[in-house]
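This is a predicted model, so every value here is computed, not measured. Order of appearance sets the numbers: ligands from 1, and atoms from 1 within every ligand. Values reported hereafter were calculated over all heavy atoms of this structure, with side chains retained and with hydrogens, waters and symmetry mates removed.
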Amino acid sequence: MKDIIVLGVESSCDETAAAVVRNGREVLSNVISSQIDIHQKFGGVVPEVASRKHVELVIPVIDQALEEARIKLEDVDVIGVTYGPGLVGALLVGLSAAKALAFAANKPFVGVHHIEGHIAANYLEYPDLEPPFVCLVASGGHSHIVYVGDYNKFEIMGQTRDDAAGEAFDKVARAIGLGYPGGPLIDKAAKSGNKNAIAFPRVLFEDGSLDFSFSGLKTAVLNYLNTAEQKGEKIIVEDVAASFQQAVVDVLVRNVIEAGKQKGVKNIALAGGVAANSALRSGLKAAAEEYGFSVRYPKPVLCTDNAAMIACAAYYEYRSGSASELDLNAIPGLKLGER
Ligand code: KG4
Ligand code: ZN
């Protein structure tokens, strides 16, 4: 069969990214230009600033992805791009660039759901991985447990009722003075902390739901910090980081294992920025062993936002016959499984 080369583009938040992937599995290039330095001084992503940076970067990043893959635009078979969910101004930049290229070069064009992209990162890491499996997608904007029934069949089994897991990491990191983005900084600080030092709450819903809630945990951390300050007690940042992280990990692991049991799958996968968390990876591995699940997770660079995962998801959409029209608009609140 002839190779299918997909050019992927991603600009839903604060990374401008482009990548080239062969046959949905082989990464030929993966260029990511992060705006973290710019947003760091504001303590989070400023949407208008993000959009302006995407405009500056999108074409150079695409050019670099083609160059590193040693191909020309003519050699590309399909162009895939994130069209939601995300920041509308940011999404529009990548989407418009991808549509313009598809139109100019007369190539099929596929709009990709950002979360489907995160899930697809696992196909890049494990060339033999096939659905069905259960995937925990945890990022700055999402915490979902998804049953991946097939390459383009998704069922949400649980989701956050308030904050996303990554959002909780970012807010707690700011409160304990670690900075932005919080996830990697808490992960690092927690390594030298005691995860049993402070008993933070683990919210589990009694109705059998696999949903999450992290806002109570965030408030508990803030209350702990206030009380300690008022009493003049020393705050050990590493202990707060480790205890908070363990509370998040315990709930994520418990629910995704439960989802795996309900569906009777062999594999449980992780995806999204929080999937880079070392305690989540080891915690899930340990729990999974007990129930006979295999655990899959992409390398950190494929967990956080990138375009290789978007190219991979676009490949499977395209193969299933669903190319998009050029009037496709950005959908900031796009739901999983919707097209
Ligand atoms: O997937 P992603 O790059 O962007 C979104 O789609 O949101 O995820 C970014 C999120 C941030 O909240 C960041 O703090 C978190 O992922 N993150 C981590 C780690 N690395 C990134 N959270 C916990 N531990 C990490 N090692
Ligand atoms: Zn993401």
Side-chain angles (χ1 to χ4, degrees), residues 8-17 19 30 32-36 39-40 43-45 47 50 81-87 90-91 94 112-122 135-144 146 159-160 163-176 178-191 193 195 212 214 217-218 241-242 244-253 269-284 297-310 312-313 332-334 336:
V9 179
E10 153 68 39
S11 70
S12 65
C13 190
D14 61 342
E15 338 273 353
T16 323
N30 188 19
I32 304 165
S33 174
S34 172
Q35 305 177 5
I36 283 178
H39 298 287
Q40 227 154 19
V45 177
V81 62
T82 309
Y83 75 108
L87 303 168
L91 287 164
V112 173
H113 191 291
H114 183 75
I115 302 290
E116 292 181 21
H118 274 301
I119 294 169
N122 282 287
C135 186
L136 168 68
V137 190
S139 70
H142 317 276
S143 307
H144 287 80
V146 182
Q159 57 191 310
T160 184
D163 293 353
E167 196 180 345
F169 270 94
D170 293 338
K171 287 178 179 165
V172 166
R174 193 183 315 165
I176 56 179
L178 287 178
Y180 171 86
L185 298 167
I186 288 193
D187 196 346
K188 188 158 169 250
K191 288 198 164 73
K195 64 184 183 194
F212 305 109
F214 295 112
L217 170 60
K218 179 192 67 195
F244 158 77
Q245 177 174 271
Q246 197 56 43
V248 176
V249 167
D250 282 352
V251 180
L252 292 176
V253 168
L270 293 175
V274 181
N277 186 267
S278 58
L280 175 60
R281 292 174 168 216
S282 56
L284 179 59
Y297 44 75
K299 57 173 85 61
V301 69
L302 293 175
C303 285
T304 45
D305 288 349
N306 66 87
M309 68 185 197
I310 302 302
C312 173
L334 185 65
L336 194 66

If you have a sec, work out which protein heavy atom is nearest atom 18 (C) of ligand 1 and how many Å separate them, to one decimal? Gly183 CA, 3.4 Å

Decide if atom NZ of Lys195 counts as having more than 12 heavy atoms of other residues, nucleotides or ligands within a radius under 6.0 Å. no

Here the pair of heavy atoms bringing Asn122 nearest to Leu270 is ND2-O, 3.0 Å

Would Gly273 count as a polar contact of ligand 1, with the cut-off being nitrogen or oxygen pairs under 3.5 Å? yes

pair Val146-Val137: side-chain heavy atoms closer than 4.5 Å: yes

Can you list the ligand 1 atoms lying under 4.0 Å from a non-hydrogen atom of Thr304? 3 (O)

Assess Ala276 for proximity to ligand 1: is some non-hydrogen atom of it under 4.0 Å away? yes

Within the 4.5 Å heavy-atom criterion, are Leu91 and Thr82 side-chain neighbours or not? yes

Sub-3.5 Å N/O-N/O distance, His118 and ligand 1: yes

For His142 and Gln159, which I'm curious about, is there any donor-acceptor pair between the side chains at under 3.5 Å? no

Do Asp305 and His114 have side-chain heavy atoms sitting under 4.5 Å apart? yes

Taking C-beta and beyond as the side chain, do Leu217 and Asp163 meet within less than 4.5 Å on heavy atoms? no

Quick one: look up the protein heavy atom nearest atom 12 (O) of ligand 1 and list residue, atom name and how far away it is. Asp170 OD2, 2.8 Å

Per-atom contacts, ligand 1 versus Gly141 - under 4.0 Å to a heavy atom: 7 (O)

Those atoms of ligand 1 less than 4.0 Å from some heavy atom in His114: 6 (O)

Protein N/O/S count near the Zn ion (ligand 2) (criterion: distance under 2.8 Å): 3

Could you list which atoms of ligand 1 come closer than 4.0 Å to a heavy atom of Gly166? 12 (O)

Assess whether atom NZ of Lys188 is packed by more than 12 heavy atoms of other residues, nucleotides or ligands within 6.0 Å. no

In terms of residue, atom name and distance, what is the protein heavy atom nearest to atom 24 (N) of ligand 1? Asn277 ND2, 3.0 Å

Tell me, do His113 and Pro85 make a side-chain contact under 4.5 Å, heavy atoms counted? yes

Within the 4.5 Å heavy-atom criterion, are Phe214 and Leu252 side-chain neighbours or not? yes

Compare all side-chain heavy atoms of Asp250 with those of Gln246 and state whether any distance is below 4.5 angstrom. yes

Looking at side-chain heavy atoms only, is the closest gap between Met309 and Leu302 below 4.5 Å? no

Report yes if some N/O of Gly140 lies less than 3.5 Å from some N/O of ligand 1; otherwise report no. yes

Is any N or O atom of Asp305, backbone or side chain, closer than 3.5 Å to an N or O atom of ligand 1? yes

Contact (N/O only, under 3.5 Å) between Glu15 and ligand 1: no

Are any of the N/O atoms on Gly272, whether in the backbone or the side chain, positioned under 3.5 angstrom from an N/O atom of ligand 1? no

Set of side-chain hydrogen bond (donor to acceptor under 3.5 Å, both in side chains) partners for Asn277, sequence neighbours left out: Gln245

Min N/O separation Asp187 to ligand 1 under 3.5 Å: yes

